[in-house]
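Note that this is a predicted model, so its numbers are computed, not measured. Every number for a ligand or one of its atoms is a count from 1 in the order of the listing.
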Amino acid sequence: MEEFHKVRRLPPYVFEQVNRLKATARAGGADIIDLGMGNPDLPTPQAIVDKLCEVVKDPRTHRYSSSKGIPGLRRAQAAYYARRFGVKLNPETQVVATLGSKEGFANMAQAITAPGDVILCPNPTYPIHAFGFLMTGGVIRSISVEPDETFFPPLERAIRHSIPKPIALVINYPSNPTAHVASLDFYRDVVAFAKKHDIVILSDLAYSEIYFDGAPPPSVLEVPGAMDVTVEFTSMSKTFSMPGWRMGFAVGNERLISALTRVKSYLDYGAFTPIQVAATHALNGDGSDIAEVRAVYKRRRDVMVDSFGKAGFEVPPPAATMFAWAKIPEKFRHLGSLEFSKLLVEKAHVAVAPGIGFGEQGDDYVRLALVENEHRIRQAARSIKKFLSTADDTMHNVISLNARR
Ligand SMILES: Cc1ncc(COP(=O)(O)O)c(C=O)c1O
C-alpha cells in the first residue's frame with residue numbers, strides 16, 4: 001500500500017538510528033553517556049513545581065483551559081519582553097501561549113503556508129524549521145546559518161531565483177545546532193531585507209536565556225519596525241528546565257499571531273490550567289532560577305571544551321545554547337556524521353547527535369548536548385580519548401592508511 005502523502009514528506013528520524021544503537025548497547029549492559037538529545041536533565045525549580053501542586057487541587061482548574069493562554073500568562077510574557085528586550089507587546093493581540101515552541105512553530109507554518117509556497121530556512125537547523133513547512137506542502141530553500149555579511153548575497157539570489165517568491169524567512173539565534181549568536185545589527189539588516197522583499201520573519205529564540213559569554217542575545221523585535229513583519233517564538237523548556245511541561249509562546253505581528261491563534265482554536269484547548277499558572281509564576285520570578293540554570297550549563301561547557309580538547313577532539317566553546325557543534329576529527333570525516341556517531345556509541349559508549357540530522361550542510365559535524373553532569377562529561381572525554389588513540393590500530397577498515405599518524 002502506498003505511504004500517506006504527509007508521511008512521505010517525513011523521512012525516518014536520523015536520530016532514531018543512533019537511539020536504536022544506544023538502546024541495544026544499554027540492553028547489553030553498557031553505560032552510555034548520552035550527549036545526543038537536547039533534553040534538559042535539570043529538575044524544574046521547586047517553587048514552580050509547588051505552584052503547580054497547589055493549583056491542581058482546585059477542581060475549577062480541571063476544565064478545558066484557554067487555547068491562546070490565560071490572560072495572566074500572556075501578561076507575564078509581555079512583561080518579560082518589556083523587561084528583557086525593551087519590547088512593548090499587547091498581551092491581547094500580540095502574544096499567544098503555545099504547547100511548547102515546537103507546536104507553535106509548526107502551527108504557524110500550517111496557518112500561513114499554501115501548497116507550493118517557498119520558505120527560506122537555514123541549513124543546518126532544528127528539524128521543525130523545515131519539516132513544519134514540508135508537512136503543510138511548503139517548499140524549502142536552504143540558506144546559510146552564519147549571521148554575518150556572508151548571509152545576505154545568497155539570500156538575495158534565493159529571492160531572485162525562487163518561483164514563486166518566498167513568503168517567509170526562518171531564523172534561529174542562538175542557533176540549534178551551531179550555537180551561532182546574532183547581533184542586533186544583523187537583525188536590523190534582516191528586518192530591512194524582509195521589508196524590502198515583502199516576506200515574513202519567523203524567529204526562533206528558544207535559547208534566549210542560555211548564554212555564557214558577552215551580552216545576552218537580543219530579540220529581532222528590538223529592531224524598530226520589526227513588528228510589521230515578525231513573529232518570535234520562545235520556550236520555557238530550556239530557560240526554566242520545563243521541557244516536559246510543554247509551554248512556549250509566539251509573540252509579534254498581530255496578523256500573524258491572529259492566524260496562529262485561529263488555527264490553534266480549532267486544534268487545542270490550551271495547556272492544563274495549573275501548568276499555565278505555574279508558568280506565569282515562573283515568568284514573574286526574580287530571575288534567580290534562570291541564572292542557576294545558565295551557570296550549570298556554563299560549567300558543563302567549560303568542562304567539555306577542556307576535556308574533549310585534551311582528548312584530541314576539538315570542541316569550539318559555544319557562546320550560547322546547551323550544545324556544542326564540533327567538527328568530526330579529520331580521519332573520520334569521510335565516514336559522514338551518522339556513521340561516526342554510530343562508531344562513538346559502539347566503541348566509546350558516547351551518544352552524540354549526527355550533524356546530518358539537521359540538514360545536509362551539517363554532515364561534517366556532530367552536536368554534543370550539555371545534558372550530562374561534569375563528571376560524566378569528563379568520563380565521556382576519557383572514553384573518546386581511548387577510542388581515538390587506539391583507532392589507528394583497531395579500525396583498519398575505517399581509517400585510510402595515509403590518514404594514520
Ligand atoms: C531551536 C529550538 N526551537 C524549539 C525547540 C522546541 O522547544 P519546545 O520544548 O519549546 O517545544 C527546541 C528544542 O530543542 C530548539 O532547540
Kindly list each side-chain donor-acceptor pair under 3.5 angstrom involving residues 160-168, sequence neighbours excluded, with atom names and distances?
from   : atom 1 : to     : atom 2 : distance (Å)
Ser162 : OG     : Ala158 : O      : 2.5
Lys165 : NZ     : His197 : O      : 2.4

Could you tell me whether Glu92 and Lys68 make a salt bridge, using a distance below 4.0 angstrom between a side-chain N and a carboxylate O? yes

What distance separates Leu155 CG from Leu169 CG, expressed to the nearest 0.5 Å? 6.0 Å

Atom pairs, nitrogen or oxygen, ligand 1 to protein, under 3.5 angstrom:
from     : atom 1 : to     : atom 2 : distance (Å)
ligand 1 : 3 (N)  : Asp204 : OD1    : 3.3
ligand 1 : 3 (N)  : Asp204 : OD2    : 2.6
ligand 1 : 7 (O)  : Ser101 : OG     : 3.2
ligand 1 : 9 (O)  : Ser237 : OG     : 2.6
ligand 1 : 9 (O)  : Arg246 : NH1    : 2.8
ligand 1 : 10 (O) : Ser101 : N      : 2.7
ligand 1 : 10 (O) : Ser101 : OG     : 2.9
ligand 1 : 10 (O) : Ser235 : OG     : 2.7
ligand 1 : 10 (O) : Ser237 : OG     : 3.4
ligand 1 : 11 (O) : Ser101 : N      : 3.1
ligand 1 : 11 (O) : Lys102 : N      : 2.9
ligand 1 : 11 (O) : Arg246 : NH2    : 2.7
ligand 1 : 14 (O) : Tyr207 : OH     : 3.4
ligand 1 : 14 (O) : Lys238 : NZ     : 2.6
ligand 1 : 16 (O) : Asn176 : ND2    : 2.7
ligand 1 : 16 (O) : Tyr207 : OH     : 2.7

Salt-bridge present (Arg188, Asp185; N to O < 4.0 Å): yes

What are the two closest heavy atoms between Ala380 and Phe308, and how far apart are they? CB-CZ, 4.1 Å

Exceeds 12 heavy-atom contacts within 6.0 angstrom, atom NZ of Lys6: no

